[in-house]
Amino acid sequence: MRRNSDGRAGVTVKTLAAARRKPLTRPAVRRVMVVDDDPDVRKVLALLLKSSGLNAIEASSGAHCLKLLASTRPAVILLDLMMPEMDGFEVCQALKRDPTTAEIPIIVVTARDDSLSRMRAARLGVSDFLVKPVSKERLLNRVRAQIELLETMNRTQAAIDRLTAAPQVSPLVKERGRPRARVQRARGSLQGG
Amino acid sequence: MTAASIESAEGAGLPGAPIGLIGNHPSIVRLRELIGRVAATDSTVLIGGESGVGKEVVARAIHAGSPRASKPFVPVNCAAIPHEMLESEMFGHERGAFTGAVAPRQGLFGAAHGGTIFLDEVGEMPLALQAKLLRVLEDREVRPLGANRGVRVDVRVTAASNRDLARAVREKTFREDLFYRLQVVPITVPSLRERRSDIPMLVEYFLERLRTRQGRRNWSVTEEAMASLWAYDWPGNVRELENLLERLTVLSDRDEIDVEQLPEVIRAGIHPAGDSRPSVALDERGVDLSAVIRNLEGRYINEALKRTGGNKQAAARLLGLKRTTFSAKLRRCGVIAMDGRA
Ligand SMILES: Nc1ncnc2c1ncn2[C@@H]1O[C@H](COP(=O)(O)OP(=O)(O)O)[C@@H](O)[C@H]1O
């Protein structure tokens with residue numbers, strides 16, 4: 001379905017490594033990008049995020065967002081839908097098409113409360129959809145939820161990576177002289193004789 | 001069954017067969033990918049997640065994507081089988097092993113030979129049996145009750161729990177060694193409220209299934225109803241959504257599911273900033289009138305934008321406001337609701 005198992009982008013590998021090092025309850029990255037053409041909205045959201053210990057990066061347009069993403073990697077993107085030139089849907093499409101940004105969870109924050117927009121956003125791979133006005137708690141809960149989900153998946157992926165790489169990369173296995181037993185133990189499986 | 005039909009049944013279960021895990025949320029896309037990878041290994045998998053999120057669906061997908069696909073998939077609900085029967089159910093028994101054991105019986109592990117067993121609610125297994133399960137995992141043989149020798153079994157083990165097993169280990173109700181044996185690959189299935197963007201797709205999927213099952217009727221969900229479904233927290237997850245749609249389609253004589261038909265708890269979720277219906281009930285606690293007004297403004301602004309497809313000029317006209325006033329209001333009450341409800 002997607003490029004991954006072998007062609008994983010550098011970013012994923014980095015976040016994976018980070019996820020291994022850090023305790024899992026803490027978000028791996030505390031950076032959130034706010035994409036909205038209205039500077040006041042951006043300011044309100046940025047202040048809110050900062051007040052709960054997250055860093056905000058502001059992008060004033062879709063193009064600005066894509067440009068910033070070339071050099072920065074937010075944990076979550078808060079995206080407005082109604083923006084001049086490139087609208088939120090187009091930004092979404094662009095982000096999902098690019099393998100280096102496809103995995104960043106996108107939370108739409110919009111005044112458009114119609115099911116067509118919801119459906120369209122959902123089909124484009126948006127993670128969540130919030131309608132303005134939104135309460136602080138709700139917004140922060142939803143941001144945290146997406147970060148935690150990503151970490152859970154990273155944990156599973158790390159376990160599978162370890163498993164599939166085990167026979168080659170673990171020198172300990174050979175030194176201890178019982179490679180078979182250890183590998184089978186690591187796999188924890190029940191294959192019969 | 002003829003040899004030919006057995007062969008074609010085997011062919012149907014080739015690795016990489018489609019996985020019945022509906023959703024387009026990034027976490028589900030990722031999960032499908034990970035399932036594909038873990039299926040190819042023969043590893044034990046421990047699946048966590050709330051009730052109704054699809055843990056069994058995941059276990060089945062792992063089996064269906066594995067080289068064992070043509071062999072049995074055997075689900076065991078450890079919470080549903082009485083404790084005193086669980087051991088003989090799982091491992092089988094010899095004739096006369098206990099009163100009533102008039103004939104020898106193969107256990108579920110034996111029935112799963114060559115395939116995959118799914119131990120659901122594994123956290124409910126009594127400690128004594130946990131020790132026996134651990135031995136089965138280590139020795140790859142089961143000993144039926146009353147037998148004096150073990151029988152080799154080739155079974156892939158998948159297990160699930162909606163309880164936090166790590167915590168059960170700390171509380172000494174679950175064996176630590178068994179826990180590590182099981183969770184070689186830990187998988188957590190996200191709750192539905194963590195992947196709300198999948199709600200429309202799941203609704204479509206379930207309605208389509210009901211359509212084919214019940215024939216002719218062409219179910220649909222109104223915009224407003226969909227917004228409510230999206231806003232609700234779904235403590236019973238996908239199972240709750242599936243049950244609700246079944247109930248609604250059975251009860252309703254109209255093809256369109258509207259917000260009025262939804263249960264009260266779900267309808268309540270439609271007000272994004274909490275219950276802000278203007279009511280003039282005023283008690284000794286008083287009321288923050290400006291907040292109430294801002295909230296009401298916000299709702300009208302939303303409605304106007306919705307009606308005009310997001311055209312601010314037209315929305316302003318609809319509310320009898322100048323474009324600049326409208327924009328100012330949109331900014332002021334447009335992003336963060338003033339009340340504190342999550
Ligand atoms: N992603 C999904 N796509 C389609 N159906 C699903 C999905 N997740 C759950 N279901 C359905 O929801 C119900 C509950 O799933 P189940 O696997 O029994 O949950 P759990 O084992 O976590 O309690 C089942 O009827 C299942 O078919």
Side-chain angles (χ1 to χ4, degrees), chain A residues 1-2 4-5 36 38 40-41 44-45 48 81-82 102-106 109 111-116 118-119 121-141 145-146 148-150 152-153 155-157 159-160 163-164 186-193, chain B residues 24-27 29-34 37-38 41-44 113 136-137 140 152-157 181-182 184-188 190 193-201 222-223 226-227 230 272-274 295 298 301-302 305-306 310 330-331 333-342:
Chain A
M1 195 149 208
R2 285 198 310 177
N4 220 353
S5 41
D36 200 307
D38 187 328
D40 291 348
V41 171
V44 170
L45 289 175
L48 177 59
L81 284 183
M82 289 179 282
E103 283 199 0
I104 308 172
I106 300 171
V109 184
R112 285 175 76 155
D113 184 13
D114 59 300
S115 79
L116 229 63
R118 280 173 196 269
M119 295 283 228
R123 290 231 164 74
L124 289 173
V126 151
S127 292
D128 204 344
F129 191 103
L130 289 170
V131 178
K132 300 177 196 171
V134 56
S135 76
K136 297 175 190 177
E137 286 76 10
R138 180 174 291 194
L139 187 103
L140 292 172
N141 282 342
Q146 295 311 314
E148 274 162 27
L149 263 189
L150 199 63
T152 316
M153 296 298 156
R155 204 155 49 114
T156 302
Q157 183 165 336
I160 298 174
L163 198 66
T164 47
R187 292 199 172 156
S189 79
L190 262 181
Q191 318 117 313
Chain B
N24 194 31
H25 188 277
S27 66
V29 174
R30 183 100 178 267
L31 189 56
R32 277 197 296 261
E33 222 170 76
L34 294 170
R37 285 185 63 201
V38 82
T41 75
D42 214 27
S43 167
T44 305
H113 186 72
V136 172
L137 292 171
R140 277 171 255 126
R152 278 195 93 68
V153 283
D154 166 28
V155 173
R156 183 198 202 155
V157 175
R181 260 286 171 183
L182 290 175
V184 178
V185 175
I187 290 183
T188 306
R193 73 187 155 281
E194 290 169 302
R195 53 176 188 111
R196 288 169 204 267
S197 52
D198 279 346
I199 291 172
M201 216 162 291
T222 65
E223 265 193 24
M226 187 62 92
W230 189 307
N295 206 310
I301 286 171
N302 264 333
L305 284 168
K306 190 169 137 185
L330 181 61
R331 235 175 272 148
C333 61
V335 211
I336 299 300
M338 300 322 276
D339 72 5
R341 291 231 346 217

[X] to [Y] - nearest heavy-atom pair and separation:
X         : Y         : result
Leu149(A) : Pro190(B) : CD2-CB, 3.4 Å
Val126(A) : Ser197(B) : O-OG, 2.7 Å
Thr188(B) : Thr156(A) : N-OG1, 4.4 Å
Ser27(B)  : Met153(A) : O-CE, 3.7 Å
Asn24(B)  : Gly125(A) : ND2-N, 3.7 Å

| message | Using heavy-atom distances under 4.5 Å, tell me whether Ile187(B) contacts chain A through its side chain, its backbone, both, or neither. | response | both

For [X], is it the side chain, the backbone, both, or neither that has a heavy atom closer than 4.5 Å to a heavy atom of chain B?
X         : value
Met82(A)  : side chain
Ile160(A) : both
Thr152(A) : side chain

| Validation row: Pro26(B), Ile104(A) side chains within 4.5 angstrom (heavy atoms) |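 No, every pair of side-chain atoms sits at 4.5 Å or beyond.
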
Please report the interatomic distance [atom1]([X]) to [atom2]([Y]), rounded to the nearest 0.5 Å.
X         : Y         : atom1 : atom2 : answer
Ser127(A) : His25(B)  : OG    : NE2   : 3.5 Å
Arg118(A) : Met226(B) : CZ    : CE    : 9.5 Å
Gln157(A) : Leu34(B)  : CD    : CG    : 5.5 Å
Glu194(B) : Gln146(A) : CD    : CD    : 7.5 Å
Lys132(A) : Ile301(B) : NZ    : CD1   : 11.5 Å

| request: Take Trp230(B) and Asp128(A), measure what side chain to side chain contact (heavy atoms under 4.5 Å, CB included) needs, and give me the verdict at the end. | output: CA-CA 10 Å; Trp230(B) 189 307; Asp128(A) 204 344; 3.7 Å; yes

